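Chain A is the first sequence line, chain B the second, and so forth, proteins listed ahead of strands; every chain is numbered from 1. For clarity, every value in this text was computed on a predicted model and none was experimentally measured.
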Amino acid sequence: MYVGTCPVNFISEALKWVVGLGMLFVLWEVAGQQSWLGKALPPLSSIVSYAMEPRSYELLMRSASITASNALYGFLIGSIVGWAIACSGQIWPPMKKGLDTLSTFVNAIPLIALGPLLIVTVGEQSTPMATAALAVFFTVFVAVLGGFERVPSVHDDVIRTYGVTRWRALCFIEFPNALPSLIDGLKLGASSAVLGAILGEWFGAPAGLGVLIVSAMQNFQINLLWSAAFLGTAMSGIGFFVLALLQQKLLPRLGW
Amino acid sequence: MVRQSLSRIWSRYWGIFLLVGLWQLFVSVNNLNTIVAPSPQAVVLSLLNNADYFAAEALRTTLTASGGLALGLLLGFVIACLSWTAPSLSGVLTPMALLIRSIPIVAFVPIIVRVAGYGTHTVLIVTTFLSFFPCYVFALSGFQEVAQVRKDFCCSLGCSTSGFRGWRFFRHVAMPSAVPNILTALRLLAPTALLVALVAEFLIGTDGLGYVMIRARSDMEMDKSWAAALLASALSVLFFVIFSYLDKKYRNNWQA
């Protein structure tokens, strides 16, 4: 509920966040110190101090950079593919229905079920990239399609009266109209990409946060497990933040 | 008549036929044996030969996934009701819900497994945990999005529209207007709940389709592993179709 942009409202909103998160952290610290949930929930402070130790810090950063590059490449590939599929349906309408069904179907396949297939087809090394791409492509596809549907009907009429070719209509009318929606999709895709990359690394990838998470789980290295999971979260948060910034700065310049 | 329906099927499902065709081509051109990549027939045959086994495991996975979804929905709904009567609760919970939404949940499955132990109950906890926050957010925003006209109407009849005294307003106006939101939440969550249940089974390794996938792979029974993956995908598509149908059918009955 945003009633105008008066500062009092903003401050109370921020206060709620601070109180909410503060309570969560305090509860956590206490639960960890008293070990309410056993050894698996360590206090927040011990996780942080563990992650700051030089040896574990280096390990975490090395794994995180591998996962980040997997997620980034997957994100790029996935968004380009999602965008291309949506556009090709627009250029050649007879294909549209089949492409919709195919995309929905591929999206509905649980990523974990695709693991065995991807190891054989693209290899263990590139499986994380492929799963990240698969996780991203559908959100982008749906976002772009949604954007196409939001083209004002006046524009549609103009296109039809002047007999504009589909290709040009796509370039000059439909795609610019779909841009805000595309960026929305990319924003959602950022966290899916990290998720996909971590999941893909469970299928025998040599290194990365996913590998770290599974091995830490099996070897009961609780601090390592939590730090790795937090790093993954931070990564998807950063991706989301960067794209949100882009949305705020870039879109007004393009007239949105 | 027949030709018409055939061409309709073709225009809708050509992508899927293409996918199966490519799979068959990939297997026969590279002359792969079953241990590397089974052909479509081999997978279907293995599915049919072990029909009882697969049906039991699929049923188990479906039950845990939908049980978790139902529990999460119930919990989210009840807490959203409480938040509606006591807004300070929503102030504390909403930031938490938004934060958790941006977490790559799969990265946290190993942690939940570590905390809750290895077993089917953990799969249930994981799916409940996953579905709780989105259900909470969607239900609460549904309660709050009551049309102003209705609020004004109730006010003019002397019916309180907030707090404990407004329970009749809540029961007859706010709750029904949240139904479309809840349906949307379910549609979005259903395939994810299945994915997370599979991931949890994959990691815990006691039973369910996720476990069959990894077990058969380590036994070099690739046809079985792929059959489980195919079955999981089919289930996920089914979940998606059912909840989309419910959403489409009942959305208009309850439109606020």
Side-chain angles (χ1 to χ4, degrees), chain A residues 1 12-13 15-21 23-24 37-41 94-95 97-117 120-121 191-192 194-196 198-199 202 209-210 213-214 216-218 220 222 225-226 228-230 232-233 235-237 240, chain B residues 10-16 18-19 23 26 32 36-37 88 90-96 99 101-116 144 191 194-196 198-199 202-203 209-210 213-214 217 222 225-226 228-241:
Chain A
M1 283 292 198
S12 81
E13 203 67 24
L15 206 67
K16 273 183 187 172
W17 272 81
V18 171
V19 170
L21 291 183
M23 271 177 61
L24 180 68
L37 287 172
K39 284 208 175 96
L41 188 78
M95 281 204 332
K97 241 181 203 166
L99 285 175
D100 285 0
T101 322
L102 180 66
S103 305
T104 315
F105 179 78
V106 170
N107 177 57
I109 301 174
L111 277 183
I112 199 133
L114 283 172
L117 180 86
V120 177
T121 44
S191 79
S192 323
V194 176
L195 190 146
I198 289 178
L199 225 156
W202 293 355
L209 281 183
I213 286 175
V214 166
M217 177 187 112
Q218 282 159 354
F220 218 93
I222 293 300
L225 179 57
W226 278 101
F230 273 139
T233 311
M235 215 181 275
S236 68
F240 186 86
Chain B
W10 176 249
S11 79
R12 193 168 269 278
Y13 297 106
W14 62 264
I16 299 190
L18 187 73
L19 216 58
W23 172 10
F26 172 73
L32 300 171
V36 183
S88 56
S90 91
V92 175
L93 273 175
T94 310
M96 236 198 264
L99 198 72
R101 225 177 63 130
S102 63
I103 285 176
I105 198 87
V106 170
F108 279 80
V109 173
I111 293 182
I112 302 178
V113 171
R114 236 354 351 155
V115 172
Q144 289 169 343
L194 198 67
L195 166 68
V196 170
L198 285 169
V199 168
F202 181 89
L203 284 172
L209 276 184
M213 259 187 298
I214 191 161
R217 209 175 92 211
M222 279 308 175
S225 167
W226 285 39
L230 196 68
L231 194 59
S233 316
L235 271 181
S236 178
V237 173
L238 195 69
F239 259 52
F240 180 77
V241 168

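- Across Met217(A) and Leu203(B), no two heavy atoms sit closer than the pair CE-O, 3.8 Å.
- Residues forming a ring-ring contact (aromatic ring centres under 6.0 Å, His included) with Trp202(A) (at least two apart in sequence, or on another chain): none.
- Heavy atoms of Phe239(B) lying under 4.5 Å from chain A are absent altogether.
- For the atom pair Thr101(A) OG1 and Trp14(B) CH2, the distance stands at 9.0 Å (nearest 0.5 Å).
- Contacts of Leu194(B) with chain A are absent, with no heavy-atom separation under 4.5 Å from either backbone or side chain.
- Proximity to chain B (any heavy atom under 4.5 Å) is shown, for Met235(A), by neither the backbone nor the side chain.
- The ring-ring contact (aromatic ring centres under 6.0 Å, His included) check on Phe202(B) picks up Phe203(A), with sequence neighbours excluded.
- Looking only at heavy-atom pairs under 4.5 Å with chain A, the residue among Leu198(B), Ile111(B), Val237(B) that has the most is Ile111(B).
- Contact annotation for Pro110(B): both backbone and side-chain heavy atoms come within less than 4.5 Å of a heavy atom of chain A.
- Only the side chain of Ile222(A) comes within contact range of chain B, with heavy atoms under 4.5 Å apart.
- Other residues, nucleotides and ligands contribute only 12 or fewer heavy atoms inside 6.0 Å of the OH atom of Tyr13(B).
- Nearest approach of Leu102(A) to Leu19(B), heavy atoms of both residues: CD1-CD2, 4.1 Å.
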